[in-house]
Amino acid sequence: MQIDKEIDTRGLNCPLPILKAKKALTDMQSGQLLKVVSTDSGSLRDFQAFCKQTGNELVEQQTVGEDYIHVLKRR
C-alpha cells in the first residue's frame, strides 16, 4: 500500500486526531492515502463516523501495541 501522507496524533484525544486528519486531507489529491497514527481508543469509531460523514474511504484500521492506525482514501 502506497501511503501518500502520514500524520502522528499520538497523545492527542478526540477531536484532535480527526481535526488534524481533516486538515491533512484538504492538501491531498483525490485517491491519495492518508495514514493516521493515534493512541486514542475512541479514534476507531471516530474515524468510521468521520469517513461516513465526509465520503472519504476508510481503507484500513488496525491496532499495533498501543497505537491505532487508520488509513483513509481521499474522496
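Quick caveat, the model's predicted, so the values are computed rather than measured. Residue numbers run from 1 in the order of the sequence given.
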For residues 23-33, which side-chain N or O atoms pair as donor and acceptor with protein atoms under 3.5 Å away, sequence neighbours left out?
| from | atom 1 | to | atom 2 | distance (Å) |
| --- | --- | --- | --- | --- |
| Thr26 | OG1 | Lys23 | O | 2.6 |
| Ser30 | OG | Arg75 | O | 3.1 |
| Gln32 | OE1 | Gln29 | N | 2.7 |

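- Residues Ile18 and Leu16 have side chains not in contact (no heavy-atom distance under 4.5 Å, counting atoms from C-beta outward).
- For residues 12-39, the set of pairs meeting the ring pair (Phe, Tyr, Trp, His ring centres under 6.0 Å) definition, not counting sequence neighbours, is empty.
- Residues passing the side chain to side chain donor-acceptor pair (under 3.5 Å) test with Arg45, sequence neighbours excluded: none.
- Taken together through direct or relayed side-chain contacts under 4.5 Å among Ile, Leu, Val, Met, Phe, Trp and Tyr, Phe47 and Leu12 form parts of separate hydrophobic clusters.
- Taken together through direct or relayed side-chain contacts under 4.5 Å among Ile, Leu, Val, Met, Phe, Trp and Tyr, Ile7 and Val37 form parts of separate hydrophobic clusters.
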Show the atom names and distances, to 0.1 Å, of all donor-acceptor pairs under 3.5 Å that link a side chain in residues 59-73 to residues at least two apart or in another chain.
| from | atom 1 | to | atom 2 | distance (Å) |
| --- | --- | --- | --- | --- |
| Glu60 | OE2 | Gln62 | NE2 | 3.0 |
| Gln61 | OE1 | Gln48 | NE2 | 2.8 |
| Gln61 | NE2 | Leu44 | O | 2.9 |
| Gln61 | NE2 | His70 | ND1 | 3.1 |
| Asp67 | OD2 | Arg10 | NH1 | 3.1 |
| His70 | NE2 | Ser43 | OG | 2.9 |

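- Legend: residues meeting side chain to side chain donor-acceptor pair (under 3.5 Å) with Thr39, ordered by chain and number and at least two apart, are absent.
- There is a side-chain donor-acceptor pair under 3.5 Å between Thr54 and Asn56.
- Under the side chain to side chain donor-acceptor pair (under 3.5 Å) criterion, Asp46 pairs with no residue at all, not counting sequence neighbours.
- Across all non-hydrogen atoms, the minimal contact from Asp40 to Cys14 is OD2-N, 3.1 Å.
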